[in-house]
Amino acid sequence: MTRRARRTYRLLAGRYPDARCELDFGDPFQLLVATILSAQTTDRRVNGVTPALFARYPDARALASADRAEVETIIQPTGFFRAKTDSLLKMASALVERFDGRVPRRLQDLVTLPGVGRKTANVVLGDAFGVPGITVDTHVGRLARRLGWTGEQDPVAVEHAIGALFPRRDWTHLSHVLIFHGRRTCHARRPACGACPVATLCPSYGAGETDPDAAAALVRTEARA
DNA sequence: ATCCCGAGGG
DNA sequence: CCCTCTGGAT
């Protein structure tokens, strides 16, 4: 690991000491369901519906034979409720039919489940099973770009790049730290560069800006100075 | 208005 | 590569 990468990690981890998965479910099935529900919503909203959902459907077998309309009603506040209900019922059926009702522990199995993409799979692997992996969501992709990654932009390439840059780290924790940074500071539109612990290491904050969002933020920051 | 800790489908 | 699916936050 380069000196720069080590420093970046230390500064970011120090800035977000509470970085972790905010969907707090020990049970892999429940974490999987909650993570599917969390697409395009806040964890707060997900945590608002999961008690009712899991009271009725605590495991894959129950959810596989669930009443569609009832599931839709319960998860409605999380948005995309029809698509999500569809995913949940199919996903639960797939678990029952192909994995004996248990959540598989391998990435290649997880991503075959309906409604489960690479992002969701990595969250479940890391937070339910302790299998380390880099989770690349929209925040992490943006961070990689702003911090100087100019290679392929697809999530798998970004994953490999980060993995190579931070070998033998706790990738699960690293992922949460990066996601927290994207959410709380390095926003898409108006990144709070003034509050950023790695501003002096960031090529997007200084010169040679390539990301138009960060470039706009830089202009604002300098205008204030 | 614009974005969000996405995924599937055309 | 584009679109759609939903509701809430800012």
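Quick note on labels: first sequence line is chain A, next is B, and so on, each numbered from 1.
If you chain together hydrophobic residues whose side chains sit under 4.5 Å apart, A:Leu53 and A:Val123 never meet in one group.
For the pair A:Thr78 and A:Arg44, nearest-nucleotide mapping onto DNA chain C gives the more 5' position to A:Thr78. Between A:Phe80 and A:Lys90, the residue anchored closer to the 5' end of DNA chain B is A:Phe80, taking for each the nucleotide with the nearest heavy atom. Mapping A:His176 and A:Leu113 onto DNA chain B by nearest heavy atom places A:His176 closer to the 5' end of the strand.
Relative ring orientation between A:His181 and A:Tyr16 is described as tilted, the plane-to-plane angle lying within the 30° to 60° band.
Nearest heavy-atom pair, A:Val140 versus A:Thr135, reported as atom, atom and distance to 0.1 Å: CG2-O, 3.5 Å. The minimum heavy-atom distance linking A:Arg56 with A:Ala62 is given by the pair O-CB, 4.4 Å. The shortest non-hydrogen separation linking A:Ala60 to A:Gly101 is CB-O, 3.7 Å.
Of the candidate nucleotides B:dC5, B:dC4, C:dG7, B:dC4 has the atom nearest to the side chain of A:Arg142. With B:dC5, C:dA9, B:dG6 as the candidates, the nucleotide lying closest to the side chain of A:Ala39 is B:dG6. Counting only heavy atoms from C-beta on, A:Thr138 has its side chain closest to B:dG6 among C:dG8, B:dG6, B:dC5.
Computed from coordinates, the A:Lys84 NZ to C:dG8 C1' distance equals 11 Å when rounded to whole Å. Following rounding to the nearest Å, A:Lys119 (NZ) and B:dC4 (C1') show an atom-to-atom distance of 11 Å. A straight line from CG of A:Leu88 to C1' of C:dC5 spans 14 Å, rounded to a whole angstrom. Atom pair A:Arg190:CZ and C:dT10:P shows a separation of 14 Å (rounding to whole Å applied).
Looking at A:Gln40, its side chain has no donor and acceptor atom pair within 3.5 Å of the base of B:dC5.
Taking atom P on both B:dG10 and C:dT6, the two are 16 Å apart, rounded to the nearest angstrom. Nucleotides C:dC3 and B:dC5, compared at atom P, are 22 Å apart to the nearest Å.
OP1 and OP2 of B:dC5 both lie 4.0 Å or more from every side-chain N or O belonging to A:Arg118. The phosphate of C:dT6 (OP1 or OP2) has a side-chain N or O of A:Arg82 nearer than 4.0 angstrom.
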